[in-house]
Amino acid sequence: MTYEEMIELAKEASRNAYAPYSKFAVGACVLTENDKIYKGCNFENSSYGLAICAERNAVGSAILDGERKIKAVAIYSPNMDNCTPCGACRQVLSEFKSDSGLDVIVKMGDGIKVYSLDELLPETFKL
Ligand code: THU
């Protein structure tokens, strides 16, 4: 699975986003250490603060399937390029970072851009 293919899966997932309030659809796809892929989309609520981001939805599916180490996450929004995860999702992703790190892949123009989670969230809170 290439990172470009992961962005395509995230794009597919974004089509199922439930975002009637913000109109901001997001799709995500995580790749685990066992080379499994899980998709997620954001879903909102009339009680606005209850919105769940695409990234955390995808992480939840991976956890449900017994996965614990995430190597990469791809994020896609039709609304903008460079859709990096919000702070809450960065923290949630950091909990499941693989031993070799976690790449964050976003769409950028006709291509992709890859960040490391460590650069997006230095000094992660950890118990
Ligand atoms: N959202 C995501 O799904 N992922 C992000 O990284 C940023 C924000 C969602 C939450 C909400 O449904 C909408 O985008 C607008 O904030």
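Hydrogens, waters and symmetry mates are skipped; everything else that's a heavy atom, side chains included, is used.
- Closest non-hydrogen pair, A13 versus G40, comes out as CB-O, 3.4 Å.
- When all heavy atoms of C86 and C53 are compared, the pair lying nearest together is SG-SG, 3.9 Å.
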> Would S46 and Y21 count as a side chain to side chain contact (heavy atoms under 4.5 Å, CB included) if you check the C-alpha gap in whole Å, the side-chain angles of each, and the deciding distance to 0.1 Å?
Replying inline: CA-CA 8 Å; S46 51; Y21 307 108; 3.4 Å; yes

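- The backbone N or O of T124 lies less than 3.5 Å from no partner atom in the side chain of Q91, so there is not a single donor-acceptor pair.
- When all heavy atoms of A74 and A10 are compared, the pair lying nearest together is O-CB, 3.7 Å.
- Interatomic distance, C29 SG to I7 CD1, rounded to the nearest 0.5 Å: 8.5 Å.
- Under a 3.5 Å cut-off, the side chain of R90 and the backbone N or O of L121 do not form any donor-acceptor pair.
- Looking only at distances, a side-chain donor or acceptor of S98 sits under 3.5 Å from a matching main-chain atom of G101.
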>> Would I75 and V26 count as a side chain to side chain contact (heavy atoms under 4.5 Å, CB included) here? Give the steps.
In response: CA-CA 7 Å; I75 303 142; V26 186; 3.8 Å; yes

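- Residue I112 is not grouped with residue M108 when hydrophobic side chains (ILVMFWY) are merged at heavy-atom distances under 4.5 angstrom, including chains of intermediate members.
- In the model, Y115 has no side-chain atom that pairs as donor or acceptor with a side-chain atom of D103 under 3.5 Å.
- Looking at K71 and D35, their side chains come closer than 4.5 Å, going by heavy atoms from C-beta outward.
- Linking Ile, Leu, Val, Met, Phe, Trp and Tyr whenever their side-chain heavy atoms come within less than 4.5 Å puts F96 and L117 in one cluster.
- Atom-to-atom distance recorded for N42:CG and I52:CD1 is 10.0 Å, nearest 0.5 angstrom.
- To the nearest 0.5 Å, atom NZ of residue K107 and atom OG of residue S14 are 10.5 Å apart.
- Here the CG-CD distance, from L102 to E33, works out to 10.0 Å after rounding to the nearest 0.5 Å.
- A donor-acceptor pair shorter than 3.5 Å cannot be found between the side chains of S47 and N45.
- Atom CD1 of I70 is separated from atom NZ of K36 by 13.0 Å, given to the nearest 0.5 angstrom.
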> Are N34 and E67 close enough, and set up right, to give a side chain to side chain contact (heavy atoms under 4.5 Å, CB included), and what steps lead you there?
Replying inline: CA-CA 8 Å; N34 295 321; E67 298 293 306; 3.1 Å; yes

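- V104 is not connected to M6 by any chain of hydrophobic side-chain contacts under 4.5 Å among Ile, Leu, Val, Met, Phe, Trp and Tyr, and they are in different clusters.
- A side-chain donor-acceptor contact under 3.5 Å links E119 to the backbone of S116.
- We find that K113 and D81 are not joined by a salt bridge, their nearest charged nitrogen and carboxylate oxygen being 4.0 Å or further apart.
- Classification of D99 and K69 as a salt-bridged pair holds, one side-chain N sitting under 4.0 Å from a carboxylate O.
- One distance of note links CZ of F125 with OG of S94; it measures 10.0 Å at 0.5 Å rounding.
- There is no path of hydrophobic side-chain contacts, each under 4.5 Å, that joins F24 to F43.
- V30 pairs in a side chain to side chain contact (heavy atoms under 4.5 Å, CB included) with only one of the listed residues (L9, N57, V73), which is V73.
- No continuous path of hydrophobic side-chain contacts links L93 to L31 [ILVMFWY only; heavy atoms under 4.5 Å].
- Residues passing the side chain to side chain contact (heavy atoms under 4.5 Å, CB included) test with P20, sequence neighbours excluded: Y18, E44.
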